[in-house]
Chemist: 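One structure, pasted below without further comment.
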Amino acid sequence: MISEVLNEVVNIDTNLFLSINRMHSPFFDYFMSTFSGKWIWVPMYAAIWYVMLRNFHWKVMLFCLVALALTITIADQVGATLIRPYVERLRPANLENPISDMVHIVNGYRGGRYGFPSCHAANTFGLAFFVWFLFRKRWLTVFIMGWALLTCYSRIYLGVHYPGDLLAGAILGLLAAYLVYLLFMKVSGYKTMKKVLHINAPILIGGLTIVGILIYSTVMIL
């Protein structure tokens, strides 16, 4: 009974993946592959650090940076080191996967062998949830969550993750962010601030990054 339910869930997950992955174009090939990159978002990460620098005592900021690093490390390593080798779910684009011939990939990129859970989802949602818990500001939360969701979508588009991989990764990121945030609050004595200076800086820098990716993708297809 349990195996039948699991098989049905896997089939739904696979069909949903194929439905999303088959919707592609040259423009979005460039856009999604760039958006999915890690280094492209360094300016936004720097903007988040800048907000901390302008608002926190240096000791609190140090604890905060350690907490962010710990959140991402826990989310990434639990997924990659503990769960993936146990579950052993092949990525959709992996050549050993029976559906690999039906998967749209970009620039020959197929990722590693296993993809459950998604470390991209765990890392981005770990950061997004921690930022939400830390600042509790509506528009920053909306932006950072939208960024994490679009990053997850890009992983399906690129053919390297099923939706279920991403959902599991997002939950893992949430758990890591929540546990580390509780520890951060206890150790640092931080209390949520009502007024945060330059809180829109990450939105501005992240938005400009997206505009840059849009321009780049447009130029590349001309």
Side-chain angles (χ1 to χ4, degrees), residues 3-42 44 72-128 145-174 176 209-210 212-214 216-221:
S3 62
E4 292 179 0
V5 172
L6 288 176
N7 286 334
E8 183 61 25
V9 170
V10 169
N11 288 336
I12 293 173
D13 198 27
T14 300
N15 290 333
L16 180 58
F17 163 79
L18 291 172
S19 296
I20 297 173
N21 177 256
R22 67 168 56 104
M23 296 185 291
H24 53 83
S25 70
F27 174 85
F28 282 109
D29 282 358
Y30 285 108
F31 181 86
M32 293 300 174
S33 61
T34 306
F35 194 98
S36 186
K38 294 181 179 180
W39 296 109
I40 192 72
W41 297 106
V42 168
M44 188 184 74
I72 293 172
T73 299
I74 291 174
D76 186 80
Q77 291 304 305
V78 168
T81 305
L82 298 182
I83 302 177
R84 279 188 184 178
Y86 177 76
V87 176
E88 295 186 340
R89 188 185 194 191
L90 293 172
R91 291 179 186 265
N94 188 283
L95 293 173
E96 297 177 35
N97 194 319
I99 72 165
S100 63
D101 289 341
M102 296 183 283
V103 177
H104 171 73
I105 61 173
V106 178
N107 298 327
Y109 174 66
R110 294 181 181 272
R113 189 177 189 190
Y114 301 129
F116 182 94
S118 164
C119 289
H120 259 78
N123 296 342
T124 53
F125 269 103
L127 172 63
M145 288 297 173
W147 164 76
L149 284 170
L150 190 51
T151 298
C152 287
Y153 179 85
S154 74
R155 305 305 286 171
I156 301 175
Y157 184 96
L158 297 173
V160 293
H161 282 297
Y162 294 99
D165 301 344
L166 299 162
L167 177 60
I171 293 172
L172 179 57
L174 167 60
T209 300
I210 293 173
I213 297 173
L214 288 169
Y216 164 75
S217 302
T218 301
V219 169
M220 292 302 294
I221 64 171

Chemist: What's the separation between atom CZ in F28 and atom CZ in F35, rounded to the nearest 0.5 Å?
Modeler: 11.5 Å
Chemist: Sub-3.5 Å donor-acceptor pair from the side chain of D76 to the main-chain atoms of I72, do we have one?
Modeler: no
Chemist: Could you check whether any side-chain heavy atom of Y114 comes within less than 4.5 Å of a side-chain heavy atom of P85, counting everything from C-beta outward?
Modeler: no
Chemist: So, does N107 use its side chain to make a donor-acceptor pair with the main chain of Y109 at under 3.5 Å?
Modeler: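 Checking the backbone N and O of Y109 against the side chain of N107, no donor-acceptor pair under 3.5 Å is found.
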Chemist: Once you round to the nearest 0.5 Å, how far does CZ of F125 lie from CG of L166?
Modeler: 9.0 Å
Chemist: Please report the interatomic distance CG(N15) to CD1(I99), rounded to the nearest 0.5 Å.
Modeler: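 CD1 of I99 is found 9.0 Å from CG of N15.
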Chemist: Which heavy atom of R91 sits nearest to which heavy atom of N97, and what is that distance?
Modeler: O-ND2, 3.1 Å
Chemist: Restricting to non-hydrogen atoms, name the atom on F116 and the atom on G164 that form the minimum distance, rounded to 0.1 Å.
Modeler: CE1-O, 3.7 Å
Chemist: How would you list, by chain and number, every residue that makes a salt bridge (Lys or Arg N to Asp or Glu O under 4.0 Å) with D13, sequence neighbours excluded?
Modeler: R89
Chemist: Could you tell me whether a side-chain N or O of R84 sits under 3.5 Å from a main-chain N or O of P117, the two making a donor and an acceptor?
Modeler: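 Yes.
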Chemist: Side chains of V106 and M32: closer than 4.5 Å at any heavy-atom pair?
Modeler: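 No, every pair of side-chain atoms sits at 4.5 Å or beyond.
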Chemist: Which heavy atom of T209 sits nearest to which heavy atom of I40, and what is that distance?
Modeler: CG2-O, 3.7 Å
Chemist: Can you measure from CG (N21) to OH (Y162) and round to the nearest 0.5 angstrom?
Modeler: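 Going from the CG atom of N21 to the OH atom of Y162 covers 10.5 Å.
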Chemist: Answer yes or no: are there more than 12 heavy-atom neighbours, outside Y153 itself, under 6.0 Å from its atom OH?
Modeler: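 Yes, because the 6.0 Å sphere around OH of Y153 holds more than 12 heavy atoms from other groups.
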Chemist: Grab the two heavy atoms, one from Y216 and one from T34, that are nearest each other, plus how far apart they are.
Modeler: CE2-OG1, 3.4 Å
Chemist: Do F27 and L214 come within less than 4.5 Å of each other through their side chains, counting heavy atoms only?
Modeler: yes
Chemist: With a 4.5 Å heavy-atom cut-off, do E88 and R113 have their side chains touching?
Modeler: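 E88 vs R113: side chains apart.
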Chemist: Under 3.5 Å, is there a donor-acceptor pair between the T81 and Q77 side chains?
Modeler: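 There is such a pair (donor and acceptor under 3.5 Å, judged by atom type) between the side chains of T81 and Q77.
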Chemist: I'd like to check M220 versus D29 (side-chain heavy atoms, cut-off strictly below 4.5 Å). Are they in contact?
Modeler: no
Chemist: Using the rule given for side-chain contact (heavy atoms from CB on, under 4.5 Å), can you reason through H104 versus M23, listing the C-alpha separation, both sets of side-chain angles and the distance that settles it, and then say yes or no?
Modeler: CA-CA 9 Å; H104 171 73; M23 296 185 291; over 6 Å; no
Chemist: For a quick test of reading the model, state the closest non-hydrogen atom pair linking I156 to P163 and the distance between them.
Modeler: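 Smallest heavy-atom distance, with atoms named: CD1-CG, 3.8 Å.
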Chemist: Where does the angle between the aromatic ring planes of Y157 and H24 fall among parallel (under 30°), tilted (30 to 60°) and perpendicular (over 60°)?
Modeler: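 Perpendicular: the ring planes of Y157 and H24 meet at over 60°.
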Chemist: Stepwise, does the side-chain contact (heavy atoms from CB on, under 4.5 Å) test hold for L150 with F31?
Modeler: CA-CA 11 Å; L150 190 51; F31 181 86; 4.2 Å; yes
Chemist: So, does W41 use its side chain to make a donor-acceptor pair with the main chain of S36 at under 3.5 Å?
Modeler: no
Chemist: How long is the span from the NE2 atom in H161 to the CZ atom in F17, to the nearest 0.5 Å?
Modeler: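 It is 10.5 Å, given to the nearest 0.5 Å.
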Chemist: Mind checking the CG-CG spacing from N11 to L16? Nearest 0.5 Å is all I need.
Modeler: 12.5 Å
Chemist: Just by modelled atom types, is the S118 backbone N or O under 3.5 Å from a matching donor or acceptor in the D165 side chain?
Modeler: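 Answer holds: no.
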Chemist: Quick one: closest heavy-atom pair of A75 and G173, and the distance?
Modeler: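 Shortest heavy-atom contact: CB-CA, 4.3 Å.
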